[in-house]
Amino acid sequence: MKGLLKTRDKNPEATLRELFAGWLKDGKLSAILVPAMSGSGAATMALISDPDKIQDTAPLMPAMAVNAASVIHDIAKLPAEGVKVGLLLRPCEMRAVVELVKLRQVLLDNLVLIGIDCPGTYKSAGFRDRVEPSDGTCEDAEQGVKGSRVQGLQDSNPRTSSLSDFDNNHVRNQQEQYDNPDLRTACQLCEYAKPMVFDVAIGFLGLNPDEELWVESANDKGAALLEGLEVAEGDEPDKRVKYLEELAAKRKANAAVSIEELNKEMMGPDNLVRYFADCLNCHNCMNVCPVCYCRECFFDSDSFMRSLGEHVMISKRKGMTRMPSETLLFHLTRMNHMMMSCVGCGICEDSCPVSIGLTPLFKKVSRDAQAEFDYVSGRSLDEELPLTTFREDEFKTIGEE
Amino acid sequence: MADFEPRIVGFLCNWCTYAGADLAGTSRMQYPPNMRPIRVMCSSSVDSVYILRALLEGADGVFIGGCHPGDCHYVSGNYKARRRMVLFNSIMRSVGLDQDRVWLRWISAAEGRKFANTVTEMTTAIQEKGPSEFRDKWDV
(Lines give C-alpha, C1' and ligand atoms only; values in the text may rest on other atoms or scores of the structure.)
Protein backbone atom coordinates (compact mmCIF):
# COMPACT_ATOMS: atom_id res chain seq x y z
CA MET A 1 0.00 0.00 0.00
CA LYS A 2 1.17 3.51 -0.68
CA GLY A 3 -0.44 6.89 -0.71
CA LEU A 4 -1.17 10.04 1.25
CA LEU A 5 -2.38 10.16 4.82
CA LYS A 6 -4.20 13.27 5.98
CA THR A 7 -2.43 15.22 8.68
CA ARG A 8 -4.65 15.81 11.68
CA ASP A 9 -5.17 19.39 12.85
CA LYS A 10 -2.15 20.68 10.92
CA ASN A 11 0.15 18.94 13.36
CA PRO A 12 2.38 16.35 11.69
CA GLU A 13 4.17 15.29 14.85
CA ALA A 14 0.91 14.76 16.74
CA THR A 15 -0.44 12.80 13.76
CA LEU A 16 2.52 10.45 13.98
CA ARG A 17 2.12 10.12 17.74
CA GLU A 18 -1.49 9.19 17.24
CA LEU A 19 -0.54 6.66 14.57
CA PHE A 20 2.03 5.03 16.84
CA ALA A 21 -0.27 5.02 19.85
CA GLY A 22 -2.83 3.25 17.69
CA TRP A 23 -0.36 0.53 16.76
CA LEU A 24 0.47 0.01 20.43
CA LYS A 25 -3.23 -0.01 21.46
CA ASP A 26 -4.19 -2.48 18.72
CA GLY A 27 -1.36 -4.76 19.77
CA LYS A 28 0.18 -4.52 16.30
CA LEU A 29 3.40 -3.56 18.02
CA SER A 30 4.62 -4.36 21.54
CA ALA A 31 6.83 -1.29 21.64
CA ILE A 32 8.36 1.35 19.38
CA LEU A 33 11.82 2.88 19.47
CA VAL A 34 11.27 6.56 18.83
CA PRO A 35 13.06 9.87 19.49
CA ALA A 36 12.10 11.56 22.74
CA MET A 37 13.28 14.34 24.98
CA SER A 38 13.92 13.15 28.48
CA GLY A 39 12.50 14.95 31.50
CA SER A 40 15.94 16.41 32.05
CA GLY A 41 15.95 17.83 28.54
CA ALA A 42 18.25 15.36 26.81
CA ALA A 43 17.53 14.68 23.15
CA THR A 44 17.50 10.90 23.14
CA MET A 45 15.38 7.89 22.18
CA ALA A 46 12.85 5.82 24.06
CA LEU A 47 11.40 2.36 23.74
CA ILE A 48 7.76 3.18 24.36
CA SER A 49 5.24 0.47 25.17
CA ASP A 50 2.45 2.43 26.93
CA PRO A 51 0.30 4.35 24.41
CA ASP A 52 -0.71 6.76 27.18
CA LYS A 53 2.87 7.99 27.34
CA ILE A 54 3.02 8.80 23.62
CA GLN A 55 2.89 12.55 24.36
CA ASP A 56 6.39 12.32 25.74
CA THR A 57 7.83 11.13 22.44
CA ALA A 58 9.03 13.39 19.65
CA PRO A 59 8.98 11.41 16.38
CA LEU A 60 10.14 14.39 14.32
CA MET A 61 12.76 15.71 16.77
CA PRO A 62 15.70 16.71 14.57
CA ALA A 63 18.45 15.84 17.03
CA MET A 64 20.84 12.94 16.90
CA ALA A 65 22.83 11.77 19.89
CA VAL A 66 23.79 8.34 18.63
CA ASN A 67 22.89 6.40 15.53
CA ALA A 68 19.84 4.35 16.56
CA ALA A 69 21.43 1.33 14.89
CA SER A 70 23.94 1.22 17.77
CA VAL A 71 21.04 0.84 20.18
CA ILE A 72 19.39 -1.78 18.01
CA HIS A 73 22.65 -3.71 17.84
CA ASP A 74 22.55 -3.83 21.63
CA ILE A 75 18.92 -4.84 21.98
CA ALA A 76 18.11 -7.02 18.97
CA LYS A 77 21.04 -9.36 18.65
CA LEU A 78 19.51 -12.28 20.53
CA PRO A 79 16.45 -14.25 19.41
CA ALA A 80 13.20 -13.12 21.04
CA GLU A 81 9.70 -14.53 21.30
CA GLY A 82 6.28 -12.99 21.54
CA VAL A 83 7.23 -9.38 20.90
CA LYS A 84 7.14 -7.18 17.85
CA VAL A 85 9.07 -3.95 18.08
CA GLY A 86 8.78 -1.04 15.68
CA LEU A 87 11.85 1.06 14.97
CA LEU A 88 11.40 4.62 13.77
CA LEU A 89 14.60 5.23 11.85
CA ARG A 90 16.15 8.02 9.84
CA PRO A 91 17.70 6.97 6.54
CA CYS A 92 21.27 6.76 7.88
CA GLU A 93 20.07 4.76 10.86
CA MET A 94 18.11 2.43 8.62
CA ARG A 95 21.12 1.92 6.37
CA ALA A 96 23.28 1.05 9.37
CA VAL A 97 20.65 -1.44 10.56
CA VAL A 98 20.66 -3.03 7.09
CA GLU A 99 24.44 -3.40 7.28
CA LEU A 100 24.21 -4.88 10.77
CA VAL A 101 21.61 -7.40 9.59
CA LYS A 102 23.95 -8.45 6.80
CA LEU A 103 26.81 -8.65 9.29
CA ARG A 104 24.56 -10.92 11.36
CA GLN A 105 24.49 -8.53 14.27
CA VAL A 106 20.76 -7.80 14.28
CA LEU A 107 17.87 -10.26 13.95
CA LEU A 108 14.98 -8.82 11.96
CA ASP A 109 12.41 -11.45 13.01
CA ASN A 110 10.82 -9.40 15.78
CA LEU A 111 11.41 -5.99 14.30
CA VAL A 112 9.34 -3.75 12.05
CA LEU A 113 11.44 -1.20 10.20
CA ILE A 114 9.66 2.14 10.02
CA GLY A 115 11.68 4.52 7.90
CA ILE A 116 11.09 8.24 7.99
CA ASP A 117 12.32 11.14 5.85
CA CYS A 118 15.07 13.26 7.31
CA PRO A 119 15.80 16.84 6.24
CA GLY A 120 18.84 16.91 8.55
CA THR A 121 19.54 16.87 12.26
CA TYR A 122 21.24 18.96 14.93
CA LYS A 123 23.78 17.71 17.43
CA SER A 124 22.02 16.51 20.55
CA ALA A 125 24.41 18.46 22.76
CA GLY A 126 22.91 21.93 23.11
CA PHE A 127 19.73 20.96 21.29
CA ARG A 128 17.59 21.84 24.31
CA ASP A 129 18.84 25.42 24.04
CA ARG A 130 17.75 25.62 20.43
CA VAL A 131 14.26 24.64 21.44
CA GLU A 132 14.14 26.92 24.46
CA PRO A 133 16.80 29.61 24.21
CA SER A 134 17.65 30.82 27.70
CA ASP A 135 17.86 34.46 26.52
CA GLY A 136 14.09 34.69 26.36
CA THR A 137 13.79 34.63 22.56
CA CYS A 138 11.86 31.42 22.97
CA GLU A 139 9.02 30.81 20.58
CA ASP A 140 5.80 32.06 22.04
CA ALA A 141 4.33 29.06 23.71
CA GLU A 142 0.80 30.22 22.94
CA GLN A 143 1.20 31.00 19.28
CA GLY A 144 4.18 29.13 18.02
CA VAL A 145 6.30 30.84 15.42
CA LYS A 146 5.55 29.69 11.92
CA GLY A 147 3.17 26.90 12.78
CA SER A 148 -0.25 26.85 14.25
CA ARG A 149 -1.07 25.46 17.63
CA VAL A 150 -4.19 23.51 18.18
CA GLN A 151 -5.77 22.87 21.52
CA GLY A 152 -6.25 19.30 22.53
CA LEU A 153 -3.35 17.71 20.69
CA GLN A 154 -0.71 19.57 22.66
CA ASP A 155 0.82 18.32 25.82
CA SER A 156 0.29 20.50 28.87
CA ASN A 157 4.00 20.30 29.60
CA PRO A 158 5.49 23.54 28.22
CA ARG A 159 8.74 21.84 27.27
CA THR A 160 7.15 19.18 25.12
CA SER A 161 4.80 21.67 23.48
CA SER A 162 7.58 24.05 22.47
CA LEU A 163 9.58 21.03 21.32
CA SER A 164 6.62 19.96 19.23
CA ASP A 165 6.52 23.37 17.58
CA PHE A 166 10.23 23.17 16.92
CA ASP A 167 9.90 19.70 15.40
CA ASN A 168 6.94 20.62 13.25
CA ASN A 169 8.59 23.81 12.05
CA HIS A 170 11.69 21.85 11.11
CA VAL A 171 9.68 19.76 8.67
CA ARG A 172 7.41 22.63 7.57
CA ASN A 173 10.42 24.75 6.69
CA GLN A 174 12.14 21.89 4.96
CA GLN A 175 13.46 24.13 2.18
CA GLU A 176 15.58 25.95 4.73
CA GLN A 177 17.34 22.72 5.65
CA TYR A 178 18.93 22.48 2.19
CA ASP A 179 21.69 24.77 3.34
CA ASN A 180 21.19 25.09 7.08
CA PRO A 181 24.75 25.60 8.36
CA ASP A 182 23.71 24.67 11.89
CA LEU A 183 22.87 21.10 10.97
CA ARG A 184 25.35 18.36 11.78
CA THR A 185 28.11 18.28 9.16
CA ALA A 186 27.12 14.81 8.03
CA CYS A 187 23.54 15.97 7.40
CA GLN A 188 24.70 18.89 5.27
CA LEU A 189 26.52 16.40 3.04
CA CYS A 190 23.83 13.71 3.05
CA GLU A 191 22.06 12.82 -0.16
CA TYR A 192 19.85 10.11 1.35
CA ALA A 193 16.85 11.96 2.72
CA LYS A 194 14.37 9.11 2.37
CA PRO A 195 14.68 5.50 3.46
CA MET A 196 15.71 2.92 0.86
CA VAL A 197 14.92 -0.22 2.86
CA PHE A 198 11.83 -0.37 5.09
CA ASP A 199 8.72 -2.28 6.04
CA VAL A 200 6.81 0.99 6.39
CA ALA A 201 8.00 4.38 5.15
CA ILE A 202 6.71 7.73 6.34
CA GLY A 203 7.49 10.83 4.30
CA PHE A 204 6.94 14.54 4.43
CA LEU A 205 9.61 15.94 2.12
CA GLY A 206 8.21 17.66 -0.93
CA LEU A 207 4.77 17.75 0.66
CA ASN A 208 2.95 20.20 2.88
CA PRO A 209 3.25 18.23 6.11
CA ASP A 210 0.44 20.25 7.67
CA GLU A 211 -1.89 18.70 5.11
CA GLU A 212 -0.58 15.30 4.21
CA LEU A 213 2.05 12.67 4.90
CA TRP A 214 3.37 9.98 2.56
CA VAL A 215 2.98 6.40 3.77
CA GLU A 216 4.14 3.27 2.04
CA SER A 217 4.48 -0.39 2.89
CA ALA A 218 7.07 -2.55 1.19
CA ASN A 219 5.78 -5.96 2.27
CA ASP A 220 3.12 -7.79 4.29
CA LYS A 221 4.74 -6.83 7.57
CA GLY A 222 4.39 -3.20 6.67
CA ALA A 223 0.96 -3.57 5.11
CA ALA A 224 -0.30 -5.06 8.38
CA LEU A 225 0.60 -1.83 10.17
CA LEU A 226 -1.04 0.41 7.59
CA GLU A 227 -4.19 -1.68 7.44
CA GLY A 228 -7.24 0.27 8.50
CA LEU A 229 -5.73 3.68 7.90
CA GLU A 230 -7.50 6.10 5.62
CA VAL A 231 -4.89 6.41 2.92
CA ALA A 232 -5.56 8.06 -0.42
CA GLU A 233 -3.71 5.45 -2.42
CA GLY A 234 -1.55 6.45 -5.34
CA ASP A 235 1.97 6.92 -6.58
CA GLU A 236 4.49 9.21 -5.00
CA PRO A 237 3.42 12.77 -5.99
CA ASP A 238 5.64 14.34 -8.64
CA LYS A 239 6.37 17.32 -6.42
CA ARG A 240 7.83 14.95 -3.81
CA VAL A 241 9.96 13.06 -6.33
CA LYS A 242 11.23 16.33 -7.74
CA TYR A 243 11.93 17.78 -4.31
CA LEU A 244 13.93 14.73 -3.26
CA GLU A 245 15.96 14.89 -6.47
CA GLU A 246 16.74 18.55 -5.89
CA LEU A 247 17.69 17.92 -2.30
CA ALA A 248 20.00 15.06 -3.29
CA ALA A 249 21.63 17.21 -5.97
CA LYS A 250 22.16 20.08 -3.55
CA ARG A 251 23.64 17.85 -0.89
CA LYS A 252 25.86 16.07 -3.41
CA ALA A 253 27.18 19.46 -4.44
CA ASN A 254 27.86 20.27 -0.77
CA ALA A 255 29.74 17.00 -0.42
CA ALA A 256 31.79 17.68 -3.54
CA VAL A 257 32.87 21.07 -2.18
CA SER A 258 33.68 19.58 1.19
CA ILE A 259 35.76 16.77 -0.34
CA GLU A 260 37.60 19.26 -2.51
CA GLU A 261 38.56 21.17 0.65
CA LEU A 262 39.52 17.92 2.31
CA ASN A 263 41.79 16.90 -0.55
CA LYS A 264 43.77 20.11 -0.14
CA GLU A 265 44.64 19.41 3.48
CA MET A 266 44.57 15.62 3.87
CA MET A 267 46.24 13.90 0.90
CA GLY A 268 49.69 12.37 1.14
CA PRO A 269 51.88 11.16 4.01
CA ASP A 270 52.67 14.55 5.58
CA ASN A 271 49.15 15.93 5.34
CA LEU A 272 47.59 12.71 6.50
CA VAL A 273 49.73 12.58 9.62
CA ARG A 274 48.85 16.21 10.29
CA TYR A 275 45.13 15.57 9.74
CA PHE A 276 45.12 12.99 12.53
CA ALA A 277 47.81 14.71 14.60
CA ASP A 278 45.53 15.63 17.51
CA CYS A 279 44.11 12.11 17.90
CA LEU A 280 44.13 11.05 21.55
CA ASN A 281 43.64 7.37 20.77
CA CYS A 282 40.41 7.45 22.79
CA HIS A 283 38.62 5.23 20.26
CA ASN A 284 35.37 7.16 20.68
CA CYS A 285 34.90 7.13 16.91
CA MET A 286 34.99 3.36 17.00
CA ASN A 287 32.79 2.99 20.07
CA VAL A 288 29.98 5.15 18.71
CA CYS A 289 30.20 3.82 15.14
CA PRO A 290 26.98 1.93 14.41
CA VAL A 291 28.63 -0.51 12.03
CA CYS A 292 31.90 -1.06 13.92
CA TYR A 293 30.41 -4.16 15.44
CA CYS A 294 33.16 -6.28 17.03
CA ARG A 295 32.53 -6.91 20.68
CA GLU A 296 36.21 -6.52 21.35
CA CYS A 297 38.15 -4.39 18.93
CA PHE A 298 41.33 -5.89 17.58
CA PHE A 299 43.04 -2.69 18.72
CA ASP A 300 41.95 -3.29 22.29
CA SER A 301 43.09 -6.91 22.17
CA ASP A 302 46.27 -8.50 23.44
CA SER A 303 47.64 -8.41 19.88
CA PHE A 304 48.43 -4.79 20.59
CA MET A 305 49.83 -5.39 24.04
CA ARG A 306 53.57 -4.97 23.86
CA SER A 307 56.24 -5.35 26.46
CA LEU A 308 58.36 -2.40 27.46
CA GLY A 309 61.27 -4.12 25.73
CA GLU A 310 59.35 -4.26 22.45
CA HIS A 311 58.46 -0.58 22.73
CA VAL A 312 62.13 0.27 23.16
CA MET A 313 63.01 -1.93 20.20
CA ILE A 314 60.46 -0.11 18.03
CA SER A 315 61.65 3.25 19.32
CA LYS A 316 65.19 2.39 18.25
CA ARG A 317 64.01 1.86 14.69
CA LYS A 318 63.32 5.58 14.17
CA GLY A 319 65.08 6.88 17.26
CA MET A 320 61.81 7.88 18.89
CA THR A 321 58.13 6.98 18.72
CA ARG A 322 55.12 9.06 19.45
CA MET A 323 53.10 8.11 22.53
CA PRO A 324 50.31 7.07 22.50
CA SER A 325 51.55 5.18 19.49
CA GLU A 326 49.90 3.94 16.32
CA THR A 327 47.03 6.42 16.15
CA LEU A 328 47.23 6.69 12.36
CA LEU A 329 47.47 2.91 12.13
CA PHE A 330 44.21 2.72 14.06
CA HIS A 331 42.38 5.06 11.69
CA LEU A 332 43.71 3.54 8.48
CA THR A 333 42.93 0.03 9.70
CA ARG A 334 39.45 1.09 10.76
CA MET A 335 38.93 2.41 7.26
CA ASN A 336 39.94 -0.94 5.83
CA HIS A 337 37.63 -2.80 8.18
CA MET A 338 34.57 -0.56 8.04
CA MET A 339 34.46 1.44 4.81
CA MET A 340 32.21 -1.03 3.01
CA SER A 341 29.52 -0.48 5.62
CA CYS A 342 30.07 3.19 6.51
CA VAL A 343 26.75 5.01 6.13
CA GLY A 344 28.19 8.49 6.62
CA CYS A 345 26.12 9.31 9.70
CA GLY A 346 28.98 11.37 11.11
CA ILE A 347 28.46 10.31 14.70
CA CYS A 348 32.21 9.59 14.83
CA GLU A 349 33.00 13.24 14.25
CA ASP A 350 30.41 14.38 16.80
CA SER A 351 32.06 12.23 19.44
CA CYS A 352 35.64 13.23 18.66
CA PRO A 353 37.01 15.26 21.58
CA VAL A 354 39.58 16.97 19.35
CA SER A 355 37.27 17.63 16.40
CA ILE A 356 39.06 15.67 13.69
CA GLY A 357 37.14 16.11 10.44
CA LEU A 358 36.08 12.51 10.10
CA THR A 359 32.82 13.15 8.27
CA PRO A 360 34.13 14.36 4.90
CA LEU A 361 37.08 12.00 5.15
CA PHE A 362 34.95 8.91 5.68
CA LYS A 363 32.49 10.18 3.10
CA LYS A 364 35.22 10.28 0.50
CA VAL A 365 36.99 7.07 1.44
CA SER A 366 33.81 5.01 1.78
CA ARG A 367 32.32 6.30 -1.45
CA ASP A 368 35.50 5.51 -3.40
CA ALA A 369 35.78 2.07 -1.81
CA GLN A 370 32.14 1.12 -2.26
CA ALA A 371 32.26 2.25 -5.89
CA GLU A 372 34.95 -0.36 -6.58
CA PHE A 373 32.34 -3.03 -5.87
CA ASP A 374 29.30 -1.15 -7.16
CA TYR A 375 28.03 -1.29 -3.60
CA VAL A 376 26.14 1.26 -1.53
CA SER A 377 25.98 0.54 2.17
CA GLY A 378 22.44 -0.01 3.39
CA ARG A 379 20.88 0.14 -0.06
CA SER A 380 19.51 -3.39 0.01
CA LEU A 381 19.20 -6.37 2.31
CA ASP A 382 19.89 -8.73 -0.58
CA GLU A 383 23.15 -7.30 -1.91
CA GLU A 384 26.05 -9.31 -0.53
CA LEU A 385 28.66 -7.58 1.58
CA PRO A 386 31.56 -7.21 -0.87
CA LEU A 387 34.18 -8.60 1.48
CA THR A 388 32.33 -11.78 2.33
CA THR A 389 32.06 -12.96 -1.24
CA PHE A 390 33.96 -13.07 -4.53
CA ARG A 391 33.66 -13.90 -8.21
CA GLU A 392 36.24 -16.02 -9.92
CA ASP A 393 36.10 -13.82 -12.96
CA GLU A 394 36.91 -10.36 -11.61
CA PHE A 395 39.79 -8.01 -10.77
CA LYS A 396 42.06 -10.07 -13.01
CA THR A 397 44.83 -7.52 -12.95
CA ILE A 398 45.26 -7.74 -9.16
CA GLY A 399 48.05 -10.18 -8.34
CA GLU A 400 49.37 -10.23 -11.90
CA GLU A 401 52.26 -8.22 -13.27
CA MET B 1 69.81 6.32 -4.38
CA ALA B 2 72.28 3.76 -5.68
CA ASP B 3 73.22 2.67 -2.16
CA PHE B 4 69.62 2.56 -0.90
CA GLU B 5 68.74 -0.94 0.23
CA PRO B 6 64.95 -1.25 0.48
CA ARG B 7 63.43 -3.04 3.43
CA ILE B 8 60.57 -5.15 2.17
CA VAL B 9 58.31 -7.16 4.45
CA GLY B 10 57.00 -10.28 2.73
CA PHE B 11 53.93 -12.25 3.77
CA LEU B 12 54.14 -15.62 2.03
CA CYS B 13 51.34 -18.15 1.90
CA ASN B 14 52.47 -21.44 3.46
CA TRP B 15 51.15 -23.61 0.64
CA CYS B 16 52.36 -21.86 -2.48
CA THR B 17 54.60 -18.83 -2.34
CA TYR B 18 56.56 -19.92 0.72
CA ALA B 19 57.22 -23.25 -0.95
CA GLY B 20 58.12 -21.34 -4.13
CA ALA B 21 60.63 -19.31 -2.13
CA ASP B 22 61.99 -22.55 -0.73
CA LEU B 23 62.39 -23.95 -4.22
CA ALA B 24 64.22 -20.79 -5.32
CA GLY B 25 66.57 -21.28 -2.37
CA THR B 26 67.21 -25.00 -2.79
CA SER B 27 67.72 -24.42 -6.52
CA ARG B 28 70.43 -21.89 -5.62
CA MET B 29 68.74 -19.09 -7.54
CA GLN B 30 70.16 -15.66 -6.85
CA TYR B 31 67.87 -12.80 -5.82
CA PRO B 32 68.27 -9.68 -3.67
CA PRO B 33 68.15 -10.20 0.10
CA ASN B 34 65.91 -7.19 0.68
CA MET B 35 62.73 -9.07 1.49
CA ARG B 36 62.15 -10.36 5.02
CA PRO B 37 59.80 -13.31 4.60
CA ILE B 38 57.05 -14.04 7.11
CA ARG B 39 55.22 -17.32 6.64
CA VAL B 40 51.43 -17.04 6.91
CA MET B 41 48.82 -19.73 6.39
CA CYS B 42 46.99 -17.91 3.61
CA SER B 43 47.17 -14.64 1.69
CA SER B 44 43.70 -13.90 3.07
CA SER B 45 45.04 -14.01 6.62
CA VAL B 46 47.10 -10.90 5.96
CA ASP B 47 44.84 -8.29 7.50
CA SER B 48 45.36 -4.73 6.34
CA VAL B 49 46.61 -3.88 9.83
CA TYR B 50 49.81 -5.87 9.24
CA ILE B 51 50.46 -4.22 5.89
CA LEU B 52 49.80 -0.78 7.34
CA ARG B 53 51.85 -1.37 10.45
CA ALA B 54 54.84 -2.39 8.34
CA LEU B 55 54.42 0.69 6.13
CA LEU B 56 53.94 3.15 8.99
CA GLU B 57 56.89 1.72 10.89
CA GLY B 58 59.00 2.51 7.86
CA ALA B 59 59.09 -0.55 5.61
CA ASP B 60 59.78 0.57 2.05
CA GLY B 61 57.56 -2.11 0.60
CA VAL B 62 55.21 -4.93 1.52
CA PHE B 63 54.94 -8.09 -0.53
CA ILE B 64 52.09 -10.59 -0.26
CA GLY B 65 52.38 -13.91 -2.04
CA GLY B 66 49.47 -16.32 -2.51
CA CYS B 67 48.38 -19.31 -4.55
CA HIS B 68 47.10 -18.75 -8.07
CA PRO B 69 43.33 -18.13 -8.25
CA GLY B 70 41.63 -21.52 -8.17
CA ASP B 71 44.55 -23.15 -6.34
CA CYS B 72 43.91 -21.91 -2.79
CA HIS B 73 44.53 -24.59 -0.18
CA TYR B 74 41.45 -23.22 1.58
CA VAL B 75 39.46 -23.07 -1.66
CA SER B 76 38.74 -19.34 -1.80
CA GLY B 77 41.17 -17.48 0.47
CA ASN B 78 43.10 -15.87 -2.37
CA TYR B 79 39.90 -14.67 -4.06
CA LYS B 80 39.01 -12.90 -0.83
CA ALA B 81 42.53 -11.55 -0.50
CA ARG B 82 42.13 -10.16 -4.00
CA ARG B 83 38.96 -8.26 -3.05
CA ARG B 84 40.64 -6.93 0.08
CA MET B 85 43.52 -5.74 -2.06
CA VAL B 86 41.06 -3.83 -4.25
CA LEU B 87 39.71 -2.16 -1.10
CA PHE B 88 43.20 -1.54 0.29
CA ASN B 89 44.35 0.08 -2.94
CA SER B 90 41.23 2.22 -3.07
CA ILE B 91 41.82 3.51 0.46
CA MET B 92 45.50 4.17 -0.24
CA ARG B 93 44.51 6.25 -3.29
CA SER B 94 41.77 8.07 -1.35
CA VAL B 95 44.21 9.28 1.28
CA GLY B 96 47.07 9.90 -1.13
CA LEU B 97 49.43 7.11 -0.09
CA ASP B 98 51.47 5.11 -2.59
CA GLN B 99 49.69 1.84 -3.35
CA ASP B 100 52.62 0.68 -5.48
CA ARG B 101 54.69 -0.02 -2.39
CA VAL B 102 52.39 -2.97 -1.73
CA TRP B 103 52.52 -5.91 -4.13
CA LEU B 104 50.25 -8.92 -4.25
CA ARG B 105 51.43 -11.73 -6.51
CA TRP B 106 50.35 -15.29 -7.20
CA ILE B 107 53.36 -17.64 -7.07
CA SER B 108 52.96 -21.40 -6.86
CA ALA B 109 55.18 -23.94 -5.11
CA ALA B 110 56.63 -24.90 -8.48
CA GLU B 111 57.53 -21.33 -9.45
CA GLY B 112 60.90 -20.82 -7.78
CA ARG B 113 62.09 -18.85 -10.79
CA LYS B 114 59.03 -16.61 -10.71
CA PHE B 115 59.60 -15.97 -7.01
CA ALA B 116 63.23 -14.97 -7.52
CA ASN B 117 62.32 -12.77 -10.48
CA THR B 118 59.45 -11.10 -8.63
CA VAL B 119 61.60 -10.23 -5.61
CA THR B 120 64.27 -8.85 -7.94
CA GLU B 121 61.72 -6.84 -9.82
CA MET B 122 60.11 -5.45 -6.67
CA THR B 123 63.45 -4.56 -5.09
CA THR B 124 64.41 -2.62 -8.20
CA ALA B 125 61.05 -0.88 -8.36
CA ILE B 126 61.25 0.20 -4.70
CA GLN B 127 64.86 1.28 -5.16
CA GLU B 128 63.67 3.58 -7.91
CA LYS B 129 60.95 4.99 -5.67
CA GLY B 130 63.38 5.66 -2.84
CA PRO B 131 62.86 5.22 0.90
CA SER B 132 59.41 5.26 2.45
CA GLU B 133 58.14 8.66 3.56
CA PHE B 134 57.42 7.07 6.93
CA ARG B 135 60.99 5.86 7.46
CA ASP B 136 61.95 8.83 9.62
CA LYS B 137 58.49 9.97 10.66
CA TRP B 138 58.33 9.24 14.36
CA ASP B 139 55.02 11.03 15.01
CA VAL B 140 52.63 8.72 13.14
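Proteins get letters first, then strands, A, B, ... in listed order; numbering begins at 1 in each.
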Over all heavy atoms of both residues, which pair between B:Ser94 and A:Val365 is shortest? Give the atoms and the distance, please.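 Scanning both residues completely, I find the closest heavy atoms to be CB-CG2, 3.9 Å.
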What are the two closest non-hydrogen atoms of A:Pro269 and B:Gly96, and how far apart are they?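 Taking every non-hydrogen atom into account, CD-O, 3.9 Å.
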Within-4.5 Å side-chain heavy-atom neighbours: [X] and [Y]:
| X | Y | value |
| --- | --- | --- |
| B:Lys137 | A:Val273 | yes |
| A:Phe304 | B:Arg53 | yes |
| A:Glu400 | B:Arg105 | no |

B:Arg82 (side chain) donor-acceptor with A:Glu392 (main chain) under 3.5 angstrom: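 Here the side-chain-to-backbone pair exists.
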Choice from B:Glu57, B:His68, B:Lys80 maximising heavy atom contacts with chain A below 4.5 Å: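 Among B:Glu57, B:His68, B:Lys80, the one with the most close pairs to chain A is B:Glu57.
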May I ask you to decide whether B:Arg83 forms a salt bridge with A:Glu372, counting only side-chain N to carboxylate O separations under 4.0 Å?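 A:Glu372 and B:Arg83: not salt-bridged.
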Residue-level contacts of residues 325-337 of chain A with chain B, using a heavy-atom cutoff under 4.5 Å: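 Residues in range: A:Glu326, A:Thr327, A:Leu328, A:Leu329, A:Leu332, A:Thr333, A:Met335, A:Asn336, A:His337.
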Determine, stepwise, if the pair A:Asp368 / B:Ser90 fulfils side chain to side chain donor-acceptor pair (under 3.5 Å). CA-CA 7 Å; A:Asp368 292 353; B:Ser90 167; 5.5 Å; no
Please work out which of the three classes, parallel, tilted or perpendicular, describes the rings of B:Tyr79 and A:Phe390, given edges at 30° and 60°.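 The rings of A:Phe390 and B:Tyr79 lie parallel, inter-plane angle below 30°.
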For the interface with chain B, which of A:Lys318, A:Met267, A:Arg317 has the highest count of heavy-atom pairs at distances below 4.5 Å?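 Result: the option with the highest number of such pairs is A:Lys318.
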